[in-house]
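Note sheet for the following structure.
Being a predicted model, the structure only gives us computed values, none of them experimental.
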Amino acid sequence: MSDASTRVADATGNWVDTRAPSWSRPYLRLSRYDRPIGSWLLLMPCWWSAALAAGVARDISQLPLVIVLFFIGAFVMRGAGCAWNDITDRELDASVERTRSRPLPAGQISVTQAFAFLVLQALIGLAVLLQFNRFAILTGIASLVIVAVYPFMKRITWWPQVVLGLAFSWGALMGFAVTLGHIDLTALVLYAGSIAWVIGYDTIYAHQDTEDDALIGIKSTARLFGARTHLALALLYSLAVILIGVALVLGGVRWPAWIGLVAFATHLAWQIRTLDISNPALCLRLFKSNRDAGLLLFAGLLIDAVMRSVS
């Protein structure tokens with residue numbers, strides 16, 4: 001089998017295809033290291049909360065290390081989560097044009113090999129988690145329940161994106177758990193705002209597969225909203241901005257954080273205005289652009305944390 005024939009259909013021309021050793025490529029593709037956008041999106045709430053909590057504490061001495069550890073943790077745990085998702089969805093993925101070239105449905109690796117790679121990544125994630133305080137360790141472990149059940153939600157509810165939001169926004173709690181040793185109202189409101197953001201951007205992502213999903217009975221907010229997606233996104237993204245704004249008020253931020261939130265909101269408005277749900281390539285591009293939206297907010301929170309720590 002040629003390497004070209006083993007590539008994942010919607011992830012060509014990346015570093016895995018061109019530079020990674022041949023034996024490693026199925027494993028890297030399984031965990032989406034050829035498409036790191038999901039890891040970045042998992043990371044954004046982690047970095048938001050780390051910066052906001054450091055600002056609340058007026059102490060950024062540990063923030064650089066926390067940022068690095070969250071980066072490592074987000075990438076390996078997203079990789080483990082994708083492996084679990086593909087193990088549970090391997091038969092469904094074989095029925096969808098965009099996903100049937102993934103390593104498991106394509107027969108590039110076995111379920112046993114996939115599970116072994118999942119465990120390896122989870123152990124690295126555990127090593128990262130053990131660098132934090134006991135409360136943060138327990139908080140991180142608690143998220144695994146949501147990660148475990150997520151792949152099954154698309155079979156039973158039209159709102160699997162809510163469960164994804166619960167999982168992908170967990171980092172909004174972790175920054176406070178790591179930095180302050182507790183989770184307060186500020187963290188919970190930030191978490192809620194992030195959930196609304198995740199539901200919105202994953203609805204855009206799911207519009208790539210609505211036709212195949214309808215044929216095989218997979219549920220999603222993309223199918224649920226349909227032609228009303230623009231209105232639904234306006235409501236979800238507005239809710240995200242409002243809730244994050246409330247978290248900023250509760251956290252006592254200064255003007256750089258508010259500039260970050262305005263830039264974040266402007267980016268979300270651009271997504272809604274640009275979206276064409278009948279254009280899968282555009283849906284993917286807009287979905288990926290949420291990393292930039294998240295980084296804009298993080299930049300504002302980071303500058304705010306630095307300013308408060310030196311004042």
Side-chain angles (χ1 to χ4, degrees), residues 31-32 36-54 56 63 66-85 118 121-153 159-202 205 236 239-240 243-244 246-247 250-251 264 290-291 293-295 297-298 301:
S31 292
R32 314 291 195 274
I37 182 58
S39 300
W40 281 105
L41 294 175
L42 179 63
L43 178 61
M44 287 301 100
C46 300
W47 278 2
W48 296 347
S49 64
L52 182 55
V56 170
L63 186 56
V66 171
I67 286 173
V68 171
L69 290 174
F70 276 167
F71 180 88
I72 298 169
F75 272 74
V76 296
M77 291 311 297
R78 190 256 181 166
C82 287
W84 172 244
N85 189 80
L118 183 161
Q121 293 173 97
L123 289 174
I124 297 173
L126 178 61
V128 170
L129 194 59
L130 291 176
Q131 307 308 305
F132 303 135
N133 61 67
R134 183 182 179 187
F135 180 77
I137 293 170
L138 294 175
T139 301
I141 291 173
S143 69
L144 297 179
V145 175
I146 304 172
V147 174
V149 302
Y150 166 67
F152 305 101
M153 293 299 103
W159 293 88
Q161 278 71 24
V162 173
V163 183
L164 182 71
L166 293 171
F168 260 59
S169 300
W170 200 260
L173 305 177
M174 288 300 297
F176 282 75
V178 168
T179 304
L180 302 177
H182 65 265
I183 294 170
D184 59 14
L185 182 60
T186 304
L188 292 172
V189 176
L190 182 66
Y191 181 53
S194 180
I195 291 170
W197 177 54
V198 174
I199 297 170
Y201 71 58
D202 201 63
Y205 181 81
L236 287 164
L239 181 61
L243 288 170
I244 294 171
V246 172
L250 293 172
F264 176 75
N290 278 279
R291 182 195 67 169
L295 286 171
L297 178 57
F298 172 63
L301 290 169

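Separation of atoms CG (Leu123) and CG (Leu129) is listed at 12.0 Å; rounding is to 0.5 Å. We find the CG-CG distance between Leu250 and Leu185 to be 5.0 Å, quoted to the nearest 0.5 Å. Put simply, CD1 on Ile137 and CG on Leu126 are 8.0 Å apart, with the number rounded to the nearest 0.5 Å. One finds the SG atom of Cys46 at 11.0 Å from the CE atom of Met77 (value rounded to the nearest 0.5 Å). Summarising the geometry, atom OG1 belonging to Thr139 is positioned 4.5 Å from atom CD1 belonging to Ile183; distances are rounded to the nearest 0.5 Å. We find the CG-CG distance between Asn85 and Leu164 to be 9.0 Å, quoted to the nearest 0.5 Å.
Residues satisfying the salt bridge (Lys or Arg N to Asp or Glu O under 4.0 Å) test with Arg32, not counting sequence neighbours, are Asp86.
Here the closest heavy-atom approach between residue Gly193 and residue Ile244 is recorded as CA-CG1, 4.1 Å. Counting all heavy atoms, side chain and backbone alike, Trp48 lies closest to Gly294 at NE1-O, 3.0 Å. Residues Phe135 and His182 share a closest heavy-atom pair of CE2-CA, 3.6 Å. Pairing each heavy atom of Ala50 with each of Thr179, the nearest pair is O-OG1, 4.4 Å. Of all the heavy atoms in Ser49 and Ala172, the pair that sits closest is CB-O, 3.1 Å. Shortest non-hydrogen contact noted between Gly251 and Leu52 is CA-CD1, 4.4 Å.
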Please set out all donor-acceptor pairs under 3.5 angstrom arising from side-chain atoms of residues 67-74, sequence neighbours excluded.
none

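Side-chain contact between Phe75 and Gln121 is absent, with no heavy-atom pair separated by less than 4.5 Å.
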Verify side-chain contact (heavy atoms from CB on, under 4.5 Å) between Arg78 and Phe168, making sure each step is shown before the conclusion. CA-CA 9 Å; Arg78 190 256 181 166; Phe168 260 59; 4.3 Å; yes
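In this structure, the side chain of Trp47 does not engage the main chain of Gly171 through any donor-acceptor pair within 3.5 Å.
For Trp84, the CH2 atom is loosely surrounded, since the number of other residues' heavy atoms within 6.0 Å does not exceed 12.
Legend: side chain to side chain donor-acceptor pair (under 3.5 Å) pairs involving residues 185-202, not counting sequence neighbours, sorted by first then second residue: Gln161-Asp202, Ser169-Ser194, Trp197-Asn290.
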